Amino acid sequence: MRSCDNPGLMPMEQALSRLLERTPVSDKTETVALMSAVGRVLAEAPAAAVAVPPADNSSMDGYAVAVGDLVADGDTLLPVSQRIPAGHAPQPLEPGSCARIFTGAEIPPGADAIVIQENVRLQGEQVIIPAGVKAQQNIRPQGQDICAGATVLEVGRRLQPADLGLLASVGISKVKVARPLRVAILSTGDELVEPGQALGPGKIYNSNRYLLAGLLARLGMQLVDLGQVKDSAEDTEQALLQAAASADAIISTGGVSVGEEDHVKAAVERLGELDLWKIKIKPGKPLAYGRVAGVPFFGLPGNPASALITFCLFARPCLLRQQGALDVAPLMVQAQAGFNRSRAIVRQEYLRARLADGKVVPFSNQSSGMLSSASWANGLAVVPPDTRVSEGDLIGFIPFSELQD
Ligand code: AMP
Ligand code: MG
């Protein structure tokens, strides 16, 4: 489907779903200790060996009683027949008595309610239990959280800290996960110099290399760093071949325009296949996607802010999917615009912006060469195509935590 007002520009959602369709899912797996599994993608659905909680237990400090032992409409005086701290096995409750019990301790057989300690009075060695005790009160039943045998998490889940706790709660100590993807990065451009070196005439420091290294580290992926690649057909081909031989995916920056010094497009076409996508977004309209010797390839724009945004919007979800992750879409929230834009453009715009005190404010200069804007921002404001914005309008905002973690 083509946009009428700008033929050939592909809407963002369509581009992403096409890219995801073409993404091969890696079947390389490994088994890792739960302790180091955060961020990894499950390759096998773990089942609970035990219920959580494994037995009925008390949710409060107090006294375990049998409701049948209590006077219906008045106080009941009961002796204390045992003391049950958490972690200690209870004895069956002696009829006509109560048990001192603490939070997390197992309910003794025969008891069916916990009376919290604040609601009782002591009379010598005896406890006065007031009227109104209901069966099951303050008891966390066996299996309330998880039933034994249940599938705890699905294949394709990227493990969050809470997931590790959940898996531990059912006794799982190891998980089968996807092997981390090896991702090769190439920074094209004769003008690039590494930080730490002197900047000669006409040169600039290579920022994309560090930007991408950081983004990939956050995804738990292995960096295959091919450094700077000179603007020549030969160097570009050489670097791409080396990348294809040593990585599961390749990302380059720069060199994908159609200028004489842009060699990436032609090199990828010689070594594999390439589509140059004109996506209806700003920044980052040209995105190259293809394969080099069968290895998925992303050609990101050279301008650092565009490289960042196209990585986050396109490469990140594809890399996560390649690693087997199911949920790869970032969460977008709605927030009030703290700015006006009287001019509407045909492309969907991603503004480096800051959400603070409930308002979204874009950085004053959205030039795609300016990384200070992205450092200042805490996310991207999304302005749909052909849309004007007035202060107070609700607009989409994707926090960087959704795009960079
Ligand atoms: P290109 O797409 O190669 O024409 O690059 C577009 C712009 O991004 C040019 O101004 C480049 O100098 C700049 N650029 C390309 N690669 C990098 C990089 N790795 N770090 C910083 N700027 C870059
Ligand atoms: Mg260049």
Side-chain angles (χ1 to χ4, degrees), residues 9 15 183-218 221 223-240 242-243 247 249-271 274-279 281-290 292 297-316 319 347 349-350 352 363 365-377 404:
L9 286 187
V183 184
I185 58 170
L186 285 66
S187 314
T188 75
D190 283 350
E191 71 277 37
L192 304 177
V193 169
E194 292 306 312
Q197 294 175 2
L199 204 58
K203 304 291 184 187
I204 60 167
Y205 285 118
N206 182 354
S207 35
N208 289 343
R209 182 175 173 216
Y210 299 85
L211 169 75
L212 288 174
L215 289 163
L216 292 167
R218 280 286 182 85
M221 293 176 181
L223 185 67
V224 179
D225 181 13
L226 297 183
Q228 181 198 1
V229 180
K230 294 277 177 210
D231 285 322
S232 79
E234 204 191 335
D235 285 83
T236 309
E237 250 185 63
Q238 193 65 41
L240 286 168
Q242 198 187 335
I250 306 167
I251 300 178
S252 70
T253 58
V256 281
S257 310
V258 285
E260 284 164 35
E261 297 298 331
D262 295 317
H263 298 279
V264 173
K265 183 173 175 288
V268 176
E269 275 167 347
R270 278 196 296 278
L271 301 172
L274 182 98
D275 281 321
L276 197 57
W277 304 46
K278 286 189 180 142
I279 302 169
I281 61 165
K282 187 183 176 190
K285 185 171 67 171
L287 177 78
Y289 178 76
V292 177
F297 163 82
F298 298 87
L300 306 183
N303 275 311
S306 301
L308 169 67
I309 290 174
T310 48
F311 178 91
C312 292
L313 297 180
F314 298 107
R316 176 184 182 275
L319 292 173
R347 291 191 269 160
E349 221 176 338
Y350 291 87
R352 283 141 271 156
F363 191 72
N365 187 329
Q366 295 286 327
S367 159
S368 53
M370 287 187 51
L371 264 185
S372 52
S373 59
S375 255
W376 176 86
Q404 300 182 1

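Excluded from the calculations below are hydrogen atoms, water molecules and symmetry mates; all remaining heavy atoms, backbone and side chain alike, are included. Predicted model only: the values in this text are computed from it and were never measured. We count ligands from 1, going down the list as the structure has it; atoms in each ligand are counted the same way. Throughout, residue positions are numbered sequentially from 1 according to the sequence presented.
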Exercise for review: Would you mind checking which non-hydrogen protein atom is closest to atom 23 (C) of ligand 1, with the distance to 0.1 Å?
Suggested key: Gly302 O, 3.4 Å
Practice item. Around atom 22 (N) of ligand 1, find the nearest protein heavy atom and jot down its residue, atom name and distance. Key: Ile204 CD1, 3.4 Å
**Study point:** atom 1 (P) of ligand 1: nearest protein contact (heavy atom, Å)
**Key:** Gly255 N, 3.7 Å
Review point. In ligand 1, which numbered atoms sit nearer than 4.0 Å to a non-hydrogen atom of Tyr205?
Key: 20 (N), 21 (C)
Review point. Looking at Asn303, which atoms of ligand 1 are within less than 4.0 Å of one of its heavy atoms?
Key: 6 (C), 7 (C), 8 (O)
Exercise for review: Could you see which bit of Pro304 sits under 4.0 Å from ligand 1, with heavy atoms only: side chain, backbone, both or neither?
Suggested key: side chain
Review point. Pick one: which of Val256, Leu308, Leu212 meets side-chain contact (heavy atoms from CB on, under 4.5 Å) with Leu300?
Key: Leu212
Study note, to complete from the structure: Short version for Glu191: what comes under 4.0 Å of ligand 1, heavy atoms counted, is side chain
Point to revise | Pair Asn206-Ser187, side-chain donor/acceptor within less than 3.5 Å | key: yes
Check your understanding: Which atom names give the shortest non-hydrogen contact between Ala307 and Asn208, and what distance separates them?
Key -> CB-OD1, 4.0 Å
Study note, to complete from the structure: The protein heavy atom nearest to atom 19 (N) of ligand 1 is Asn206 OD1, 2.8 Å
**Study point:** Taking every non-hydrogen atom, the tightest pair across Ala243 and Leu186
**Key:** CB-CD1, 4.0 Å
Review point. Of all the heavy atoms in Ser207, does at least one lie under 4.0 Å from an atom in ligand 1?
Key: yes
Review point. Does atom CD of Gln238 have more than 12 heavy-atom neighbours, drawn from other residues, nucleotides or ligands, at distances under 6.0 Å?
Key: no
Check your understanding: In terms of residue, atom name and distance, what is the protein heavy atom nearest to atom 4 (O) of ligand 1?
Key -> Asp262 OD1, 4.0 Å
Check your understanding: So which of Val292, Leu276, Val264, Leu274 actually passes side-chain contact (heavy atoms from CB on, under 4.5 Å) with Glu269?
Key -> Leu274
Exercise for review: Can you figure out which of Leu211, Asn208, Leu371, Val264 has its heavy atom closest to atom 18 (C) of ligand 1?
Suggested key: Asn208
Review point. Sequence neighbours excluded, which residues qualify as side chain to side chain donor-acceptor pair (under 3.5 Å) partners of Tyr210?
Key: Glu194
Point to revise | Among Thr236, Thr253, Asp190, the one residue meeting side-chain contact (heavy atoms from CB on, under 4.5 Å) with Val229 | key: Thr236
